[in-house]
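Have a look at the structure below before the remarks.
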Amino acid sequence: MATRKVHRRARKILGEEPSTLVWCGLRKEIPRPPKDVHRAAGRERLKPGRHWLYYVGLVLAAVIVIPWFLIDKLDDLLAVPGRRQARGRRDREPTAQRADGDRRRLPEPSDGDWELTAGRLLLRWYGQSPNLRRLLLLTPDRICFAASRGRRLSPTKADDFDIVTEYAHGEARIHREPGQRHFFLRFTDGSWLNLGRLADSEDADHFLKTISS
């Protein structure tokens with residue numbers, strides 16, 4: 001559940017109590033737009049920024065994982081050929097099946113038209129905040145995205161976020177397919193944005209129930 005300081009900050013930047021809130025994010029990476037479209041949008045970043053501690057973690061993981069990987073490969077080379085081939089098949093087949101399944105389950109992040117509202121929002125997404133997560137806030141008449149302007153290791157616990165995008169309910173609406181833990185932000189011009197990566201918490205459950213009612 002979102003921390004008390006997150007709720008306090010949400011009330012402060014909205015000027016009222018939100019109907020519901022949830023931390024969410026894009027379900028897929030932003031596809032690369034045409035060069036002329038990206039240039040006209042100011043060449044905003046299309047990938048998240050990482051806190052420096054994230055890279056420290058990668059280096060430490062490499063120090064531990066790479067030696068283990070080399071030892072595992074050496075074990076494969078020394079294994080009996082028949083057993084090695086069988087092990088290779090067992091390792092590959094489930095991975096391929098999972099990859100195919102993931103592709104089927106993940107629709108595109110938007111309708112693909114960069115000139116419409118969803119496309120313009122995508123072009124500004126990581127320029128507004130380098131973090132993966134956004135706090136989606138609903139009020140009786142607004143749909144707001146809030147985020148910290150700086151790179152945060154745990155953005156869902158930061159209390160320095162501000163509203164980065166806001167729509168009146170007449171400009172956008174939220175649609176959820178039954179049984180799914182992702183949802184779509186649909187705009188009046190026909191464009192849409194696919195959102196998910198919900199925090200596994202009471203906030204997510206309450207948010208999904210609210211938009212489904």
Side-chain angles (χ1 to χ4, degrees), residues 1-14 18 20-62 102 106-138 142-167 172 174 181-185 187 191-201 203-204 207:
M1 189 171 180
T3 62
R4 290 182 179 179
K5 65 180 181 181
V6 167
H7 281 276
R8 285 197 300 268
R9 180 66 179 174
R11 288 193 295 270
K12 180 178 180 179
I13 63 177
L14 287 173
T20 185
L21 56 78
V22 71
W23 288 100
C24 66
L26 300 175
R27 297 191 71 231
K28 292 182 68 174
E29 292 183 357
I30 298 174
R32 184 161 295 279
K35 290 183 179 180
D36 57 334
V37 172
H38 193 199
R39 189 182 307 113
R43 298 183 185 275
E44 294 278 11
R45 73 161 55 237
L46 300 175
K47 294 183 178 180
R50 302 290 189 178
H51 192 276
W52 63 270
L53 284 174
Y54 171 83
Y55 296 103
V56 172
L58 287 182
V59 171
L60 292 176
D102 290 343
L106 291 177
E108 292 302 314
S110 77
D111 58 283
D113 192 330
W114 296 101
E115 301 299 326
L116 298 181
T117 307
R120 295 197 300 270
L121 177 56
L122 280 180
L123 288 169
R124 301 193 309 270
W125 188 266
Y126 290 118
Q128 295 171 333
S129 170
N131 300 299
L132 283 166
R133 298 277 189 173
R134 296 287 184 276
L135 183 63
L136 181 56
L137 303 153
L138 301 186
R142 289 182 290 167
I143 298 173
C144 304
F145 287 104
S148 175
R149 305 282 182 172
R151 299 183 184 188
R152 295 288 179 267
L153 192 62
S154 299
T156 60
K157 292 181 171 54
D159 61 352
D160 62 345
F161 54 84
D162 289 298
I163 294 174
V164 294
T165 306
E166 180 177 334
Y167 300 100
I174 293 176
R181 288 187 70 82
H182 67 95
F183 56 94
F184 297 90
L185 187 61
F187 300 97
S191 62
W192 51 265
L193 193 66
N194 182 15
L195 295 165
R197 295 185 177 180
L198 304 184
D200 187 15
S201 66
D203 290 329
F207 176 84

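Values below: all heavy atoms of this structure, side chains included; hydrogens, waters and symmetry mates excluded.
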inquiry  = Walk me through whether Leu26 and Leu193 qualify under side-chain contact (heavy atoms from CB on, under 4.5 Å).
reply    = CA-CA 8 Å; Leu26 300 175; Leu193 193 66; 4.1 Å; yes

task = Any chance you could lay out the salt bridge (Lys or Arg N to Asp or Glu O under 4.0 Å) test for Lys47 and Glu29, step after step, and finish with the verdict?
result = CA-CA 7 Å; Lys47 294 183 178 180; Glu29 292 183 357; 5.5 Å; no

request  = Step by step, work out the side-chain contact (heavy atoms from CB on, under 4.5 Å) result for Thr165 and Trp125.
outcome  = CA-CA 9 Å; Thr165 306; Trp125 188 266; over 6 Å; no

request  = I would like to know whether Leu116 and Asp111 meet side-chain contact (heavy atoms from CB on, under 4.5 Å); could you show each step before the answer?
outcome  = CA-CA 9 Å; Leu116 298 181; Asp111 58 283; 4.1 Å; yes

task = Test Glu44 against Arg124 for salt bridge (Lys or Arg N to Asp or Glu O under 4.0 Å), laying out the working first.
result = CA-CA 6 Å; Glu44 294 278 11; Arg124 301 193 309 270; over 6 Å; no

inquiry  = Quick one, Phe183 with Asn194, criterion side-chain contact (heavy atoms from CB on, under 4.5 Å). Give me CA distance, side-chain angles, the key distance, then yes/no.
reply    = CA-CA 6 Å; Phe183 56 94; Asn194 182 15; over 6 Å; no

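Taking each heavy atom of Leu195 and His182 in turn, the nearest pair found is O-CB, 3.2 Å. Of all non-hydrogen atoms in Leu21 and Phe207, the two that sit nearest each other are O-CB, 4.4 Å. In terms of heavy-atom proximity, Glu166 sits nearest to Cys144 at CG-SG, 3.6 Å. Of all heavy-atom pairs spanning Asp203 and His7, the tightest one is OD1-NE2, 4.3 Å. Closest approach of Val22 to Ala204, counting heavy atoms only: CG2-CA, 3.7 Å. Of all non-hydrogen atoms in Arg142 and Leu14, the two that sit nearest each other are NH2-O, 2.9 Å.
A donor-acceptor contact shorter than 3.5 Å is absent between the side chain of Arg45 and the backbone of Pro130. Arg134 places a side-chain N or O within donor-acceptor distance of the main-chain N or O of Asn131, the cut-off being under 3.5 Å. Side chain of Arg9 to main chain of Phe161: a donor-acceptor pair is present (N/O by atom type, distance under 3.5 Å, no hydrogens or angles).
Remark: Leu198 CG to Arg27 CZ distance equals 9.0 Å, nearest 0.5 Å. Taken from CG in Asp162 to OG in Ser129, the straight-line distance is 10.5 Å, to the nearest 0.5 Å. Here the straight-line distance linking atom CG of Asp159 with atom OG1 of Thr3 works out to 7.5 Å at 0.5 Å rounding. Here Leu121 contributes atom CG and Trp114 contributes atom CH2; the two are 10.5 Å apart, rounded to the nearest 0.5 Å. Atoms CD1 and CG, from Ile30 and Leu122 in turn, are 5.0 Å apart once rounded to the nearest 0.5 Å. With rounding to the nearest 0.5 Å, the separation of CZ in Arg43 from CZ in Arg39 is 5.0 Å.
Using a 4.5 Å cut-off on side-chain heavy atoms (C-beta onward), Ser110 and Ser191 make no contact. Counting heavy atoms from C-beta outward, Leu137 and Ile13 have side chains that approach closer than 4.5 Å. With contacts defined as side-chain heavy-atom distances shorter than 4.5 Å, the pair Leu136/Ile174 qualifies. No side-chain heavy atom of Val6 sits less than 4.5 Å from a side-chain heavy atom of Thr156.
Within the 6.0 Å centre-distance limit, the rings of Tyr167 and Phe187 are counted as a close aromatic pair.
Ring geometry, Phe184 versus Trp192: the interplanar angle exceeds 60°, so the pair is classed perpendicular (tilted spans 30 to 60°).
Applying the side chain to side chain donor-acceptor pair (under 3.5 Å) criterion to Asp160, with sequence neighbours excluded, gives Ser148, Arg152. The salt bridge (charged side-chain N to carboxylate O under 4.0 Å, His left out) search around Arg181 returns Asp205, not counting sequence neighbours.
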